[in-house]
> 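One structure, pasted below without further comment.
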Amino acid sequence: MPQHLIAPFRIGVDIGGTFTDLVVSGEGGRILAFKAPSTPADPTEGVLDALAGAARALGRDTAGLLRDCERLVHGSTIATNTLLERKGARVGLITTEGFRDSLEIRRGLRADVWDHRAAFAAPLVARRLRRGVTERIDAQGRVVTALDPESVRRALAVFRDEGVEAIAICLLNSYRNGAHEQQARELIEREWPGLWVSCSTEIAPIMGEYERSATVVANAYVGLRTVPYLRALEERLQGLGLKPPLLIVQSNGGALDVKEAAPQPVQMVLSGPASGVGAIRWFGNDTGSSNLVAIEVGGTSCDVTLMRDGAVQMTDQLDVDGYCIAIPSVEIHTIGAGGGTLGHLDSAGMLHAGPQGAGARPGPASYSLGGTRPTVTDAQLVLGRLAPGPYAGGAIALDLERAVRAIETHLAAPMGLTVQQAASGLIRLVEQNIQHAVERVSIERGYDPRDFTLIAAGGAGPLHGAAVGRALGCAAVYVPRLAGVFCAFGMGNTDVRIDRLRSWYRRLGDGRPAELESAFAAVQAQAIDALVRQGFAPDAIVIERSLALRYTGQQWPVVVSCDPQLDAALVRDAFQQAHQRLFGHFQAGGEIEILNLKVAASGRLPLPASVPPASASTRTPDARSVRPVWISEAVGTVPTPIHDGALLRPGHLLAGPAVVDEQTTTLLVDAGQQLRVTAAGNFLIVPSIREAQA
């Protein structure tokens, strides 16, 4: 029977490794969530399949759905996958003569300082395609040696012979003066029209030769695959009736239209996961806490994001599979832990969970799509936490016999265990990995998980939330009804955002606040202009300023917000508090340096109406059924009530152990825990009084 949503519609589409998630919201806050299998070979088809399925559920065709759409926001892993799969463009790098090896020398730092044998990721540009040109600008931005056009032409000749498809330009000290980079770009555009060219002064105008070159190279590397996809998708959607521009989620958690996003596709490397910020902010009021840590566990990975006092943690540098990318980004820690994570034995017979995954195809063994190796989803099915039959809104049917066979063949028999023992071991391992991932963004950043509410999201997250929350000592575990389409839902609550920065090396409190204000104003004007081009009025733009600071001689800066008056004493105090939290100390009279100044400009889009909660009830409905479910190592397998989430209303209480089946997810309540349905109709899992006092 068709769903009843009132136009105009807002649509969020998130392409994951296993499913493409889609959320349509209409007037009055009504929401339709839909899942379709992802199509890695052609992501556009996955988007169109999801739209077609949602349209059918609304009793429309795709064209009718798009004609009544006022906003369509898209998050995609295409830029990330281009890096991970090494399927980007053949890039040539132009740099200052004598500095072509900066990209390969890197910083010389290792994730594990004791491991000197692990190889770094191979540079995205081979050495013969890194060409030095004659020019020199000093550290103050003064021209020492003018750019020699002939040296640029010689580099282009090599690039033509080598079949280069894109060029990255990163010249020494160009963050202080980008004139030579612009001259080189103009020459290339005359000599080689239509070639993709990226300049470091436009992509990452920061101090640090390696970070700047690595980022501009990554931008050129992913551009030829990412941008044509975005343009083709927008063209197809508009051909079907979409009127507004397609919006793309960036790594900073905000969105941009395709035209503005196209020159900097590297900003999309966390496109999908970063959209969870919108969902975290939306659900924050319902949790009753401004301290939240979210685990979004999908088919292939677990993304962990932390919000402290209502502010999501940000970073200026990402590491994507060994490649440094210096862009403003939501701080997300990702591990290979999802429903499709493979369980396997090493050469010594030890059980491991991931990081490899089964992907969308062939997927878990229970999907009957050709997969034969055991995954976390197969283990959940064997343990009774999932039921055989339709799964993920009917997109998949789970086959218990195939799941048992996979775990028996590859795990249980080789280890001399029962199928249930092997399956429970796989679950415990993946939950331990998720716990460590949360500790990475909390304890290692100076935050106590006991002060946070854990949001368990993603299609697989709510099955792990109770155990992970208990292990961390979190105050509560919160599960949105829309957990299975968490990021797609967040896209409907995402603002358009522009981040701009400028290197500005000075001492804090040097007595020249007017100069700092002038520098901020120039950067701010750039960000505002970009939003005005996208149709935002000045009164719809919100500005946030921050400074990257460090003690003299310190390598890594600390970013702190600064007030509009740029009061040096307040900035110093904020820096010292952040330094104390991160490193356990600060220098009371230490000299503080400014490295960068940053502006985040957000174009505020109207929020969708709140989802109207179902009417409150005092009588909890009876369980739909009872089946044996493995709850935990302490409890084992016990007869467990299975509840239909659609029947649960605000005010309902459930005592664990219990399982709740929802449209896009399944959640588990552990023994000794209690589930309460919130006023907005979501689920809050809290310790029982006895457990809380223990």
Side-chain angles (χ1 to χ4, degrees), residues 78-111 116-135 147-172 174 180-181 184-185 187-189 191-204 208-228 263-266 268-269 317-327:
I78 187 168
T80 312
N81 291 341
T82 299
L83 276 176
L84 298 180
E85 297 168 5
R86 310 293 192 269
K87 293 182 178 179
R90 188 170 178 81
V91 178
L93 173 63
I94 289 179
T95 188
T96 303
E97 197 169 39
F99 288 86
R100 69 172 179 167
D101 289 324
S102 295
L103 184 68
E104 191 161 2
I105 294 172
R106 307 158 78 85
R107 287 289 184 191
L109 302 176
R110 294 183 174 274
H116 299 285
R117 296 185 178 183
F120 289 117
L124 295 176
V125 183
R127 192 170 192 268
R128 67 181 180 278
L129 298 181
R130 304 195 297 261
R131 313 303 297 184
V133 298
T134 302
E135 69 86 38
L147 176 68
D148 177 15
E150 287 305 313
S151 65
V152 179
R153 292 189 178 96
R154 287 193 294 271
L156 290 182
V158 173
F159 294 160
R160 287 181 187 275
D161 292 342
E162 292 282 351
V164 162
E165 300 168 296
I167 292 177
I169 305 174
C170 182
L171 302 179
L172 191 67
S174 59
H180 285 177
E181 286 197 0
R185 174 201 277 273
L187 188 153
I188 294 169
E189 290 174 344
E191 302 269 337
W192 202 340
L195 188 72
W196 181 286
V197 183
S198 295
C199 292
S200 74
T201 50
E202 298 171 354
I203 307 302
E209 197 68 15
Y210 165 64
E211 290 80 6
R212 205 153 38 85
S213 62
T215 305
V216 72
V217 163
N219 191 74
Y221 187 77
V222 304
L224 286 185
R225 183 175 178 189
T226 303
V227 175
Q264 300 188 27
V266 73
M268 289 179 55
V269 291
Q317 190 165 303
L318 300 173
D319 184 300
V320 180
D321 201 30
Y323 295 110
C324 170
I325 300 178
I327 57 172

> Could you check whether any side-chain heavy atom of V133 comes within less than 4.5 Å of a side-chain heavy atom of L171, counting everything from C-beta outward?
yes
> Side chains of R212 and S174: is there a donor and an acceptor less than 3.5 Å apart?
yes
> Run the salt-bridge test on R154 and E150 with the 4.0 Å N-O cut-off and return the result as yes or no.
no
> Under a 4.5 Å cut-off applied to non-hydrogen side-chain atoms, are Y210 and I105 in contact?
no
> For the side chain of R131 and the backbone of R128, is there at least one donor-acceptor N/O pair under 3.5 Å apart?
yes
> Ignoring hydrogens and angles, tell me if any N or O in the side chain of T226 forms a donor-acceptor pair with the backbone of G223 under 3.5 Å.
no
> Can any side-chain N or O of R100 pair as donor or acceptor with the backbone N or O of R127 at less than 3.5 Å?
yes
> For a quick test of reading the model, state the closest non-hydrogen atom pair linking Y323 to L83 and the distance between them.
CD1-CD2, 4.4 Å
> Is the backbone N or O of T134 less than 3.5 Å from a side-chain atom of S151, with the two atoms forming a donor-acceptor pair by type?
yes
> Of all heavy-atom pairs between L103 and V217, which one has the smallest distance, and what is that distance?
CD2-CG2, 4.3 Å
> Take L156 and L187, measure what side chain to side chain contact (heavy atoms under 4.5 Å, CB included) needs, and give me the verdict at the end.
CA-CA 10 Å; L156 290 182; L187 188 153; 4.0 Å; yes
> Given 3.5 Å as the limit, does a donor-acceptor pair link the side chain of E209 with the main chain of S102, or not?
no
> Can you confirm whether I327 sits close enough to T215 that some side-chain heavy atom of one is under 4.5 Å from a side-chain heavy atom of the other?
yes
> Any side-chain heavy atom of R160 sitting closer than 4.5 Å to one from W192?
yes
> Mark yes or no for whether Q264, through its side chain, and E202, through its backbone, hold a donor-acceptor pair below 3.5 Å.
yes
> Could you check if a side-chain atom of C324 sits within less than 4.5 angstrom of a side-chain atom of Q317, using non-hydrogen atoms only?
yes
> Measure across A168 and A220 and return the closest heavy-atom pair with its distance rounded to 0.1 Å.
CB-CB, 4.2 Å
> Do R106 and D101 sit within salt-bridge range, that is, some charged N less than 4.0 Å from a carboxylate O?
no
> Taking the side chain as C-beta and beyond, is there a heavy-atom pair between W196 and P265 under 4.5 Å?
yes
> Can you measure from CD1 (I325) to CG (D319) and round to the nearest 0.5 angstrom?
8.5 Å
> Using distance alone, with no hydrogens and no angle criterion, decide if E181 and S200 have a side-chain donor and acceptor under 3.5 Å apart.
yes
> Distance from L129 atom CG to L124 atom CG, nearest 0.5 Å?
12.0 Å
> Roughly how far, to the nearest 0.5 Å, is the CZ atom of R153 from the CD atom of E191?
4.5 Å
> Which heavy atom of I169 sits nearest a heavy atom of R185, and at what distance?
CD1-N, 3.9 Å
> Applying the side chain to side chain contact (heavy atoms under 4.5 Å, CB included) test to E135, which of I94, L147, D148 qualifies?
L147
> At what distance, to the nearest 0.5 angstrom, does SG of C170 lie from CZ of F99?
11.0 Å
> If we check side chain to side chain contact (heavy atoms under 4.5 Å, CB included) with V269, which of these qualifies: L318, N219, I78, V222?
L318
> Show the nearest heavy-atom pair for residues I203 and S198, with the distance to one decimal.
CG1-CB, 4.5 Å
> Give, for atom NE2 of H180 and atom SG of C199, the distance between the pair rounded to the nearest 0.5 Å.
13.0 Å
> Evaluate the side-chain proximity of V91 to V164: yes if any heavy-atom separation is below 4.5 Å, no if none is.
no
